[in-house]
Amino acid sequence: MTLLKVDNLKVHFPIRGGFFRRVVDHVKAVDGVSFELQQGETYGLVGESGSGKSTTGKAVVKLNDVTSGQILFEGRDLAGLSRKEIKPFRKDIQMIFQDPYSSLNPKKRVLDIIAEPLRNFERLSPAEEKKIVQDFLDKVGLSPESILKYPHEFSGGQRQRIGIARSLTLKPKLIIADEPVSALDVSVQAQVLNFLQDLQTEFNLTYLFVGHDLGVIRHMCDRMGVMYRGRLVEEGKSDEIYENPQHIYTKRLIAAIPDLEPEVRGEKVKLRKKLTAEYESSYSKFFDEDGRAYDLKPISPTHRVALH
Amino acid sequence: MNKAILKIENLTTSFRIGNKYHAAVDDVSFTVAENEIVAVVGESGCGKSALALSIMQLHNKLRTKSEGTIHYNGQNLLKLNDTQMNKVRGKELGMIFQEPLTALNPLMTIGKQIEENLDYHTSLSKDEKKQRTIELLTQVGIPYPERTYKQYPHELSGGMRQRAMISIAIACNPALVIADEPTTALDVTIQAQILDLLKDIQTRTKMGIILITHDLSVVAEVADRIVVMYAGQVVEMGSVKEIFSNPLHPYTRSLLNSIPSATHEKNRLHVIEGIVPSIAKMDRVGCRFQDRIPWISKHAHEERPQLHEVDKGHFVRCTCYKQFYFQAEGDESTHDITQSR
Ligand SMILES: Nc1ncnc2c1ncn2[C@@H]1O[C@H](COP(=O)(O)OP(=O)(O)OP(=O)(O)O)[C@@H](O)[C@H]1O
Ligand SMILES: Nc1ncnc2c1ncn2[C@@H]1O[C@H](COP(=O)(O)OP(=O)(O)OP(=O)(O)O)[C@@H](O)[C@H]1O
Ligand code: SF4
Ligand SMILES: [Mg+2]
Ligand SMILES: [Mg+2]
């Protein structure tokens with residue numbers, strides 16, 4: 001079942017200038033992106049810094065205004081809804097942010113942090129609320145006494161768990177995880193990734209997983225999209241993309257992943273040099289005169305590439 | 001092995017917290033040779049930056065104490081006064097910081113910042129300085145060096161800033177460069193370019209590099225030797241080849257197992273329970289890692305684990321690695337790595 005379908009999404013930010021702060025131009029942060037998420041799957045968005053990954057994720061929860069295109073959630077278009085009309089959907093779609101250090105309010109106790117979304121949607125007695133919060137703390141592996149503590153009393157991994165517990169209390173269907181482990185040490189990262197997988201099974205969650213670490217994306221995602229300058233340049237099953245990348249940018253991205261085997265590094269340096277040269281010489285094969293990637297075309301039922 | 005440039009012996013660096021000193025770098029010894037990249041790895045809080053700043057002597061002297069020796073060019077850096085150290089710093093020892101935006105001066109053009117370093121350590125004329133600066137910017141792969149010369153840090157992308165920072169660090173052809181997480185803030189494509197660049201420069205200048213990182217795949221990609229630090233101490237050390245094919249200390253092993261890899265399947269990742277203790281709470285006797293491998297019984301640990309040379313150049317702290325079992329999930333339950341190797 002298709003849970004989310006993003007169709008030709010565009011998010012353009014105005015650039016203002018001059019005396020009257022008039023709009024002089026636009027940053028085309030997301031410029032015609034389409035993909036679908038099946039219920040229960042994990043879909044990854046990768047790409048370099050500034051390619052529009054976060055903007056895409058935020059558009060789905062309407063933290064950004066949508067310039068054009070559709071965001072169909074269970075068949076209903078969210079793109080055109082007002083902030084008020086979107087409210088019922090806020091329950092179903094939650095977002096987890098990158099930085100566990102700054103995304104939790106340091107002045108609030110864990111109880112209040114986790115219960116906040118609940119309070120917006122449901123009228124619960126303090127006892128009921130406490131019970132729910134403690135249940136979720138238990139799910140994320142934190143002790144029930146944690147409810148009275150403050151964020152600074154926890155480690156990075158624990159804080160990220162608090163953020164996750166908070167996003168789960170409303171039993172969402174879709175979670176948008178924007179680089180949920182990028183700020184964490186590998187050891188803590190492993191903890192959080194395993195944990196996200198457990199939760200997915202338990203609650204039948206669907207994830208839109210934004211990241212720039214291809215190791216993490218491959219580990220987590222069934223399917224993925226590669227973004228470059230606001231456009232998708234390749235999209236489909238993760239395995240197919242890793243094993244048979246077709247777009248020059250994807251090839252470069254994959255060649256850039258450091259390898260855990262020291263023996264092969266000489267070859268990798270050569271491969272990267274070769275791909276850089278290929279990128280420069282075959283630019284017109286992959287981008288139009290305006291430097292825009294072409295529309296995606298299927299090369300197999302589960303693999304699409306932006307080719308001319 | 002090539003000629004050793006830097007030799008660190010029994011370095012202990014302690015910070016004053018309240019009225020007591022606590023060691024963040026505890027009895028660390030290793031050497032760096034010409035043309036060699038030595039990686040220092042470990043989780044956040046293991047003392048990597050404290051080590052780097054001790055070598056560069058950039059700690060606040062009023063609150064910090066460093067003991068031991070750091071031999072460089074026939075002198076002990078720890079015994080130099082400020083004037084002597086300023087001569088060494090920037091000229092002979094370069095440093096690349098993790099966050100270029102905070103390390104660069106926001107009010108000065110990139111060109112001026114490089115020239116400032118040249119001013120201090122060389123006696124080039126104005127034109128020669130500019131020429132050298134442009135040359136440096138070209139060397140680090142900045143596409144329009146003449147333009148970047150006149151730009152301010154905020155006008156450059158993250159990757160360009162890091163390149164500018166590298167050009168400052170290598171301006172005076174230092175014998176050794178310390179790079180503290182030089183690529184952590186960058187995305188993979190740019191990270192790969194920067195690492196390739198460092199390698200490239202090294203081939204030309206034969207400088208030694210201390211590369212600080214928590215990313216083991218970066219180590220596999222560029223380093224010759226690796227020093228694994230845990231809670232201020234060296235727990236394992238050896239050639240990259242040796243450590244990646246035959247890691248012994250439970251901490252090294254755990255780190256390697258917790259990395260999701262782009263080439264392996266979606267099995268569960270190994271999790272290292274707990275966190276690095278803060279320096280004020282660290283046990284000074286007994287092994288600091290024991291709390292994080294709770295399935296090994298308490299009496300199995302060594303009282304005062306020492307570094308042993310198990311193979312030429314391969315050092316491991318303590319002998320406990322022999323009883324290190326993975327708490328691996330699924331069918332791999334209690335998988336004995338020492339037998340399966
Ligand atoms: N509120 C905004 N106003 C103007 N421009 C914006 C805004 N938010 C993002 N942008 C621009 O849109 C582009 C895409 O940004 P986005 O944050 O989506 O990138 P990203 O792929 O998530 O990058 P990163 O990996 O660095 O997080 C960038 O050029 C950014 O500067
Ligand atoms: N100036 C200081 N005063 C007191 N304690 C300090 C100081 N600098 C560092 N520490 C402590 O020393 C320990 C080691 O810190 P250090 O910055 O060297 O860690 P690191 O390995 O570089 O970690 P990261 O990967 O997060 O950069 C930490 O417990 C830290 O809190
Ligand atoms: S066996 Fe040795 S190295 Fe391992 S945890 Fe115990 S004391 Fe530390
Ligand atoms: Mg982002
Ligand atoms: Mg550090």
Side-chain angles (χ1 to χ4, degrees), chain A residues 42 46-51 154-158 181-195 197-198 211-222 228 238-239 242-243 249 252-266 268-273 275-276, chain B residues 41-46 157-159 183-193 195-196 199-200 213-224 226 239-245 251 254-276 292 329:
Chain A
T42 303
V46 285
E48 64 191 9
S49 190
S51 56
F154 295 90
S155 72
Q158 287 171 327
V181 295
S182 302
L184 307 174
D185 263 328
V186 272
S187 51
V188 184
Q189 171 179 302
Q191 197 181 27
V192 173
L193 292 179
N194 283 348
F195 173 65
Q197 286 178 329
D198 293 344
H212 67 255
D213 182 329
L214 280 97
V216 172
I217 293 285
R218 173 124 200 229
H219 181 79
M220 294 296 288
C221 302
D222 312 294
Y228 186 63
S238 307
D239 293 347
Y242 279 94
E243 268 136 45
Y249 179 69
R252 286 187 78 186
L253 200 62
I254 291 174
I257 309 173
D259 217 301
L260 272 180
E261 284 160 48
E263 291 79 24
V264 300
R265 63 195 186 189
K268 292 209 64 173
V269 175
K270 280 197 213 119
L271 174 65
R272 286 202 287 265
K273 290 217 165 103
L275 288 172
T276 305
Chain B
V41 302
E43 285 162 283
S44 186
C46 278
S157 73
T183 59
T184 308
L186 305 174
D187 56 61
V188 272
T189 25
I190 297 164
Q191 166 175 300
Q193 289 168 19
L195 294 176
D196 290 350
K199 269 282 205 212
D200 239 30
T213 176
H214 62 257
D215 188 342
L216 283 160
S217 48
V218 166
V219 176
E221 192 87 359
V222 296
D224 302 300
I226 171 171
S239 75
V240 164
K241 247 182 152 159
E242 171 75 8
I243 304 287
F244 276 73
S245 58
Y251 184 57
S254 308
L255 279 179
L256 281 165
N257 270 289
S258 56
I259 308 174
S261 138
T263 47
H264 295 113
E265 314 135 41
K266 301 184 170 55
N267 41 14
R268 282 180 76 79
L269 299 169
H270 176 71
V271 168
I272 315 175
E273 306 287 341
I275 53 166
V276 181
R292 302 185 70 183
E329 289 80 9

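Chain naming here is simple, since letters A, B, ... match the order of the sequence lines and numbering starts at 1 in each.
- Smallest separation of non-hydrogen atoms from A/Pro258 and B/Val218: CB-N, 4.0 Å.
- Note that CD of A/Gln191 and CD1 of B/Ile272 are 10.0 Å apart. Values are rounded to the nearest 0.5 Å.
- Here B/Ala220 is the residue among B/Ala220, B/Gly159, B/Ser44, B/Ala192 with the most heavy-atom pairs under 4.5 Å with chain A.
- To the nearest 0.5 Å, atoms NZ (B/Lys199) and CZ (A/Arg265) are separated by 4.5 Å.
- Checked by atom type and distance alone, the side chain of A/Arg218 never pairs as donor or acceptor with a backbone atom of B/Pro260 at under 3.5 Å.
- For the pair A/Arg272/B/Asp196, a side-chain contact is recorded, criterion being any heavy-atom separation below 4.5 Å from C-beta on.
- Most heavy-atom pairs under 4.5 Å with chain B, from the set A/Leu193, A/Thr276, A/Val186, A/Asp213: that is A/Val186.
- Nearest approach of B/Asp200 to A/Lys273, heavy atoms of both residues: OD1-NZ, 4.1 Å.
- Ranked by heavy-atom pairs under 4.5 Å with chain B, the list A/Val46, A/Asp198, A/Ile254 is led by A/Asp198.
- A search for side chain to side chain contact (heavy atoms under 4.5 Å, CB included) contacts involving B/Lys241 returns A/Glu263, B/Ser239, not counting sequence neighbours.
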